[in-house]
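Below you'll find the structure, written out as structure tokens, and then a few comments.
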Amino acid sequence: MLDIRYIRENLHDVELRLKSRGAGVELSGFHALDARRRDLLQEAETLKALRNRVSDEISLVRDKSLEQDRIAEMRTVSQRIKVLDEELRTLDEEVRSFLLTVPNLPSPDAPLGVSEVDNQEIRRWGDIPALEFVPKPHWEIGENLGILDFECGAKITGARFTLYRGAGARLERALINFMLDLHTTRHNYIEILPPFMVNRESMTATGQLPKFSADLFHLEGVDYFLIPTAEVPVTNIHRSEILSGKELPIAYTAYTPCFRSEAGSYGKDTRGLIRQHQFNKVELVKFVRPSDSDIELERLLDNAEEVLRLLELPYRVVDLCTGDIGFSACRTFDIEVWLPGQNCFREISSCSNFGDFQARRASIRFRDEEKSKPEFVHTLNGSGLAVGRTLVAILENCQKADGSVTVPEVLRPYMGGLETISSIS
RNA sequence: GGAGAGAUGGCCGAGUAGGUCGAAGGCGCUCGCCUGCUAAGCGAGUAUACUGGGAAACCGGUAUCGAGGGUUCGAAUCCCUCUCUCUCCGCCA
């Protein structure tokens with residue numbers, strides 16, 4: 001959510017910056033609404049001040065029968081207040097629901113552009129492996145080894161669900177543990193295991209609602225949603241809190257499954273693990289001082305990249321342009337891992353700075369000094385990493401001509417020492 | 001699922017025959033005094049949001065005692081709805 005006063009005072013600038021992300025938001029209606037609201041508020045509060053004063057005076061008089069005139073007068077005043085309050089409630093609701101649909105302002109540092117073709121690659125790491133055979137896509141590798149069963153996932157549930165078996169299941173679990181261990185012991189994140197369902201308020205705070213309900217799974221019977229990312233429950237840990245400046249920065253990491261309806265992506269990435277309704281992810285979330293959020297984003301990004309470096313998987317980092325940045329973010333870097341089976345880079349992590357956008361929706365503030373006024377924190381998050389896609393990258397990058405897959409060295413302790421996944425394992 | 005109890009400021013905790021209650025008291029915290037050090041002691045201060053004025057310091061108004069409605073000139077206190085927490089029973093990993 002944007003600062004209503006900032007919009008009020010920088011109407012034109014806000015419109016321009018929203019336009020740069022391709023969001024045509026009309027602010028003139030909002031301006032009128034806001035002005036009307038403040039007029040009514042003034043009137044209502046003046047009347048309330050009068051009522052409070054007179055009521056206090058009445059309370060001092062023993063014999064209320066002497067006060068019938070003023071009581072009657074205040075009855076009229078109260079009726080007027082009621083009407084004004086009613087109207088204000090409506091206006092407040094209109095203002096709020098409008099603000100909830102306005103995306104964040106992109107950072108001035110983000111490259112200008114209209115779509116992903118304008119994103120800028122800023123670095124690459126690792127050598128693309130030179131294989132002396134035609135690399136297979138991971139779904140063929142996984143099926144041949146018997147460790148991924150797409151048919152069975154479809155039978156049990158439906159399209160975009162997959163059953164992992166044997167070494168495949170263990171590899172996924174090894175990756176989760178490896179990532180969590182790395183972030184907690186080397187990068188100083190606190191491990192969180194949150195609920196996998198959240199309420200409407202939490203979804204609104206991080207920005208999934210009200211606009212993107214179609215992307216979510218909603219439960220029947222209770223107003224809960226399956227989380228599309230751990231960002232939602234973990235960011236909401238500090239909803240409606242005033243943190244002490246001494247606690248900042250706060251860094252959490254969490255493994256959760258993620259559930260996405262993938263509405264509107266019919267026919268896209270239908271084969272394999274790339275686009276599932278349920279996938280595992282280890283997430284990184286930070287709460288930081290506004291002055292630190294740029295540098296903290298660099299750190300978070302580096303923490304996510306470290307996973308790929310240790311796994312020895314080649315990747316590149318992309319700076320998302322204004323037109324491609326998500327609704328709540330002001331700056332985003334994607335990490336894309338190399339997939340030889342598909343001969344392309346695929347997103348495996350998205351690391352974003354949200355500025356105070358989520359903090360304002362969620363009312364997450366901090367007090368820098370004991371006596372200083374509370375201000376909004378900045379929130380950041382990024383995948384560290386998407387586990388299913390990491391498994392995909394391992395299968396495709398570490399495949400051998402005979403169809404077996406070499407387990408990256410750092411994962412072997414998590415795999416009971418297993419060095420190679422072959423059909424007999 | 002059945003029965004009951006509860007929700008007050010950073011924390012603990014008063015306050016229900018409606019008014020002087022943004023709210024006693026204690027703890028904590030901040031500043032000052034005192035003290036050889038520590039502890040104790042003394043004094044002052046210690047919520048947030050919106051809104052009006054002001055360059056600002058700041059001053060004024062309104063709201064907030066789980067949330068939302070209602071009754072009333074006036075609600076932490078009365079009424080209704082909802083949410084959450086706890087206890088007992090049932091069921092259950």
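Letters A, B, ... mirror the listed sequences (proteins, then strands); counts begin at 1.
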Length of the line joining A/Ile4:CD1 and B/A49:C1', which is rounded to integer Å: 13 Å

For RNA chain B, what residues of residues 66-75 of chain A have any heavy atom nearer than 4.0 Å? A/Ile71, A/Met74, A/Arg75

Under a 3.5 Å limit for both distances, which nucleotide forms a Watson-Crick or G-U wobble pair with B/U30, could you say? B/A44

Starting at CG of A/Leu40 and ending at P of B/U62, how long is that distance when rounded to a whole Å? 18 Å

C1' atoms of B/U35 and B/G41, separation to the nearest Å: 9 Å

With rounding to whole Å, what would you report as the distance between B/C11 and B/C65 at their P atoms? 15 Å

What's A/Arg96 touching, base or sugar-phosphate or nothing? Going by heavy atoms closer than 4.0 Å. nothing

Side chain of A/Lys373 (C-beta onward), nearest among B/C73, B/A49, B/G19: B/A49

A/Ile81 CD1 - B/U72 C1' separation (whole Å): 13 Å

Checking N1-N3 plus N6-O4 or O6-N4 for Watson-Crick, or N1-O2 and O6-N3 for wobble, each under 3.5 Å, the partner of B/G90 is none

Which listed nucleotide (B/U51, B/G19, B/A63) is nearest to the side chain of A/Ser55? B/G19

Is it true that atom CD of A/Glu140 has more than 12 heavy atoms of other residues, nucleotides or ligands lying nearer than 6.0 Å? yes

Determine the contact category for A/Arg367: base if any of its heavy atoms lies under 4.0 Å from a base atom, sugar-phosphate if only primed atoms, P, OP1 or OP2 are that close, otherwise nothing. sugar-phosphate

P atoms of B/A76 and B/G19, separation to the nearest Å: 10 Å

Watson-Crick or G-U wobble partner of B/A5, both distances under 3.5 Å: B/U85

Tell me, yes or no, whether the heavy-atom count around A/Glu247 atom CD, taken from other residues, nucleotides or ligands under 6.0 Å, exceeds 12. yes

P spacing across the pair B/G74 / B/A63, given as an integer number of angstrom: 12 Å

Which one is paired to B/A39, where only Watson-Crick or G-U wobble pairs with both distances under 3.5 angstrom count? none

Check this for me: does any side-chain nitrogen of one of A/Glu93 and A/Arg96 sit under 4.0 Å from a carboxylate oxygen of the other? no

Measuring only the P atom in each nucleotide, how far is B/C89 from B/A75? A whole number of Å is fine. 43 Å

Presence of A/Thr46 side-chain N/O under 4.0 Å of B/G61 phosphate oxygens OP1/OP2: no

More than 12 non-hydrogen atoms from neighbouring residues, nucleotides or ligands closer than 6.0 Å to OH on A/Tyr224, yes or no? no

Roughly how far apart, to the nearest Å, are B/U16 and B/U20 at atom P? 14 Å

Of all the nucleotides listed (B/G74, B/U51, B/G61), which has the minimum atom distance to the side chain of A/Arg37? B/U51

Between A/Asp56 (CG) and B/G61 (P), how many Å, whole number? 12 Å

Rounding to the closest angstrom, what is the interatomic distance between B/G28 and B/C82 at atom P? 42 Å

Near A/His218 NE2, under 6.0 Å, is it more than 12 heavy atoms from other residues, nucleotides or ligands? yes

So what does A/Asn52 touch, heavy atoms closer than 4.0 Å: a base, only the sugar-phosphate, or nothing? sugar-phosphate

Suppose we define a pair by two distances each less than 3.5 Å, Watson-Crick or G-U wobble; what does B/U62 pair with here? B/A49

Which nucleotide, if any, forms a Watson-Crick or G-U wobble pair with B/G68, using both distances under 3.5 Å? B/C80

Whole-Å P distance, B/U83 and B/G68: 15 Å

Using whole Å, report how far NZ of A/Lys48 lies from C1' of B/G52. 15 Å

On RNA chain B, nearest-nucleotide positions of A/Leu41 versus A/Arg365: which is more 5'? A/Arg365

Between B/G10 atom C1' and A/Glu247 atom CD, what is the distance in whole Å? 12 Å

Using Watson-Crick geometry (N1-N3 plus N6-O4 or O6-N4) or G-U wobble (N1-O2, O6-N3), each under 3.5 Å, B/G74 is paired with none

5' priority, RNA chain B, between A/Ala49 and A/Lys82 [closest heavy atom]: A/Ala49

If you count the non-hydrogen atoms of other residues, nucleotides and ligands that lie under 6.0 Å from NZ in A/Lys155, is the total more than 12? no

Checking N1-N3 plus N6-O4 or O6-N4 for Watson-Crick, or N1-O2 and O6-N3 for wobble, each under 3.5 Å, the partner of B/G25 is B/C12

Would you please confirm or rule out a distance under 4.0 Å between OP1 or OP2 of B/U62 and any side-chain N or O of A/Arg51? no

A/Tyr189 and A/Tyr252: CA distance, side-chain angles, deciding distance, ring-ring contact (aromatic ring centres under 6.0 Å, His included) verdict: CA-CA 5 Å; A/Tyr189 289 75; A/Tyr252 293 130; 9.1 Å; no

Choose from B/G19, B/C73, B/U51 the nucleotide whose nearest atom is closest to any side-chain atom of A/Ser59. B/G19

Counting only heavy atoms from other residues, nucleotides and ligands, does the tally under 6.0 Å from CD of A/Gln68 exceed 12? yes

Let me know the distance between CZ of A/Arg5 and C1' of B/A49, rounded to the nearest Å. 9 Å

Parallel, tilted or perpendicular, as decided by the 30° and 60° cut-offs, for the rings of A/His187 and A/His183: tilted

So, do A/His277 and A/Phe259 have ring centers that fall under 6.0 Å from each other? no

Nucleotide B/U64, atom P - distance to CG of A/Leu88 in whole Å: 14 Å

